[in-house]
Visitor: 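Take this structure, written in structure tokens, and hold onto it; I'll ask about it next.
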Amino acid sequence: ASVTQLDALRPLPERTGADLGMLSALTDEQFRAHFAGSPIKRTGHRRMQRNVIHALANINTADARNHLDSMTLSTDPETAALARKIRARQ
């Protein structure tokens, strides 16, 4: 597909090149503020965290494992449980 010529459809520069470390550390409130006005906000914080966990697991570098370890301490029980499950497999 070709790159759009419509400015309204181009991604905002501050929202390109996802930093998984930053995304892994976002609280629900920070997630809502960061993605306000973006379709990504509809994904919701919990589902974004799930996606980040799987992305970090696929990268499987020391840095990614450190972020996963931090996510095992999430206040969201589902996020913490998934991060623990993934870390146990590595």
Visitor: Do you know the tightest heavy-atom contact between Leu68 and Ala83?
Guide: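 Looking at all heavy atoms of both residues, the shortest contact is O-CB, 3.9 Å.
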Visitor: Can you list everything that forms a side-chain contact (heavy atoms from CB on, under 4.5 Å) with Ala80? Sequence neighbours excluded, please.
Guide: Ser74, Arg84
Visitor: Who pairs with Leu6 by side-chain contact (heavy atoms from CB on, under 4.5 Å), at least two apart in sequence or on another chain?
Guide: Thr4, Leu9
Visitor: Between Ile86 and Met71, does a side-chain contact (heavy atoms from CB on, under 4.5 Å) hold up when you go through it step by step?
Guide: CA-CA 11 Å; Ile86 295 293; Met71 294 181 84; over 6 Å; no
Visitor: Among residues at least two apart in sequence or on other chains, which ones pass side-chain contact (heavy atoms from CB on, under 4.5 Å) with Thr75?
Guide: none
Visitor: List in chain and number order the residues that pass side-chain contact (heavy atoms from CB on, under 4.5 Å) with Arg47, two or more places apart in sequence or in another chain; answer none if no residue qualifies.
Guide: Thr43, Arg50
Visitor: Roughly how far, to the nearest 0.5 Å, is OG1 of Thr79 from CG of Leu73?
Guide: 12.0 Å
Visitor: Nearest 0.5 Å, what's the CG-CD1 distance between Asn58 and Ile53?
Guide: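 Nearest 0.5 Å value for the CG-CD1 distance: 12.0 Å.
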Visitor: With sequence neighbours left out, what residues match Asp69 under salt bridge (Lys or Arg N to Asp or Glu O under 4.0 Å)?
Guide: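 Partners of Asp69 by the salt bridge (Lys or Arg N to Asp or Glu O under 4.0 Å) criterion, ordered by chain and then number, come out as Arg87.
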Visitor: Going by salt bridge (Lys or Arg N to Asp or Glu O under 4.0 Å), name the residues that satisfy it together with Arg46, two or more places apart in sequence or in a different chain.
Guide: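 Listed in chain order: Asp76, Glu78.
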Visitor: Can you give me every donor-acceptor pair (side chain of residues 26-33, partner residue at least two apart or in another chain, under 3.5 Å) with its distance?
Guide:
from, atom 1, to, atom 2, distance (Å)
Thr27, OG1, Gln30, N, 3.1
Thr27, OG1, Gln30, OE1, 3.3
Asp28, OD2, Arg32, NE, 2.9
Gln30, OE1, Thr27, N, 2.8

Visitor: Distance check, rounded to the nearest 0.5 Å: Gln90 atom CD versus Asn60 atom CG?
Guide: 4.5 Å
Visitor: With distance as the sole test, does Gln49 use its side chain to make a donor-acceptor pair with the main-chain N or O of Ala25 at under 3.5 Å?
Guide: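 The answer is no, because no donor-acceptor pair under 3.5 Å joins these two groups.
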Visitor: With rounding to the nearest 0.5 angstrom, report the CE to NE2 distance, Met22 to His67.
Guide: 11.0 Å
